[in-house]
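Before any comments, here is the structure.
To find a chain, count down the sequence lines: A is the first, B the second, and so on, and within it residues start at 1.
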Protein chains: 2
Amino acid sequence: MQVTEENSGADRRVGIIETSTELFLKNGYSGTSMSKIAAACGITKASLYHHFAGKEELFVACVTHGYSAALVALEEIASRSGPTAEDKLRAALSALYETIISSPVGRMSPLIAEVSRMFPTVARSFHTEYIEPQQALLWRIIDQGVENGTFLKVDERQIFHLIFGPIVMLSLSREMFASFDDLDTHFPVLQLRDGHIDAILGMMKAKSDA
Amino acid sequence: MQVTEENSGADRRVGIIETSTELFLKNGYSGTSMSKIAAACGITKASLYHHFAGKEELFVACVTHGYSAALVALEEIASRSGPTAEDKLRAALSALYETIISSPVGRMSPLIAEVSRMFPTVARSFHTEYIEPQQALLWRIIDQGVENGTFLKVDERQIFHLIFGPIVMLSLSREMFASFDDLDTHFPVLQLRDGHIDAILGMMKAKSDA
DNA sequence: GTCTATACAGTGATAGAC
DNA sequence: GTCTATCACTGTATAGAC
């Protein structure tokens, strides 16, 4: 980050969080040492430990830092009063792709998986503070459509399985095969996204034929 | 593994691979040191390095070791001549769930993601030696159904996005939230699997309504 | 709040005797 | 093939001066 302006207190914390988020994304959790983080921030390790009690706490701060933006975006969509339930669901799914593929939180998902195995605390907080609220917001939109008669009645866990699965895998794939030079050929975001959204909506509106 | 019988040469290698696979699954890649592996195998580090040139090579051996069983299972299904394309696809998808959720290879997917970021070589070999053959086999089944007239014509990448997404995410979720005591409530394999398979087949057989 | 200096456990990996 | 012993290094984390 490099200290170029007068930034003190909380600003410094945010700076550290953003810098270390980049490093975590680039080199993984274990691949990112406190020394490297300190160096990238232009301070020493000791100073870094003054701001964060340890590596685990710093990582949690990085993840948490990204929650809010993603959740408020979804919240905003869920609260719109103009559009139909279908349009809102489409917008919500697009937002999920945007979040998981492009934002730091989303791109960190493979990392969060890695760290969650080591620290169950991280797993629990990630689930209750991010996944559950996110699914609750999405469910509000779906449920509204169901009561509307727009959507078929569906099982909650089942539909989330089908919605989040492809999104998460795409994010995971793009991270793990980031070294491929034909990455976008193998994993074209927009194309896969649009097909997925159409499939989901096709399913939710389909007349039962079984 | 502990040496209880006369096992020499290649047997010893396999023993090490199986032991270290367990450790990798339990503690992650960075969380598993060569010392711990050696100790668990009842040998010293130096002996371990006699069998494997390094940690990375050992890990690749673990992953590769699991390929074959999974691929031959799928190969067997694709080559059946009796059942309809639909039944074969159902069997193949069930097998994929079985592989990814229960077998070491599948359960290692979060790990493979972690290691692939660090070693592009691993990413490349995993893709060409496992993912591509697997998708080719699955495509053979689908394509047969399409020529049959059983299935609609679908885009290859698109359908793989919808098929593998939920499976991979389920595997990832179950690993990262393994510490939850209500794991099976949140992520019930059989139920999610059956719903997913029905959804895929419903989609592939659906009359176009768009 | 930041620094210098350091403690100290653990890492992957190797040399050379048996 | 396995051992003992050791390498050079990095990891997280802390003490205490400024």
Would you indicate, yes or no, if C:dT2 has its OP1 or OP2 atom less than 4.0 angstrom from a side-chain nitrogen or oxygen of A:His51?
-> yes
Cut-off 3.5 Å, no hydrogens considered: what does the side-chain donor-acceptor table look like for residues 91-102 of chain B, sequence neighbours left out?
from	atom 1	to	atom 2	distance (Å)
B:Tyr97	OH	A:His161	NE2	2.9
B:Tyr97	OH	B:His196	ND1	2.7
B:Thr99	OG1	B:Ala95	O	2.9
B:Ser102	OG	B:Glu98	O	3.4

May I ask you to check whether A:His127 and B:Phe177 place their ring centres under 6.0 Å from each other?
-> yes
Per side-chain contact (heavy atoms from CB on, under 4.5 Å), A:Ser20 is matched among A:Thr32, A:Ile37, A:Leu48 by A:Ile37
Indicate for each nucleotide in nucleotides 4-18 of chain D, in 5' to 3' sequence, whether protein heavy atoms under 4.0 Å reach the base (B), only the sugar-phosphate (S), or nothing (-).
-> B------SBBBB---
Kindly write out the residues that satisfy salt bridge (Lys or Arg N to Asp or Glu O under 4.0 Å) with A:Glu76, not counting sequence neighbours, or none if the list is empty.
-> A:Arg80
Would you call B:Asp198 and B:Arg90 a salt bridge, taking side-chain N to carboxylate O under 4.0 Å as the test?
-> yes
Under 4.0 Å between a Lys/Arg side-chain N and an Asp/Glu carboxylate O for B:Glu175 and B:Arg107?
-> yes
Could you state the atom-to-atom distance from CG of B:Leu48 to P of D:dC3 in whole Å?
-> 11 Å
Rounded distance in Å - CG (B:Asp11) to P (D:dG1) = 11 Å
From CD1 of B:Ile16 across to C1' of D:dT2 the rounded distance in Å is 11 Å
In whole angstrom, what separates A:His50's NE2 from C:dT4's C1'?
-> 17 Å
Starting at atom CZ of B:Phe52, determine the distance to atom P of C:dG12, rounded to an integer number of angstrom.
-> 15 Å
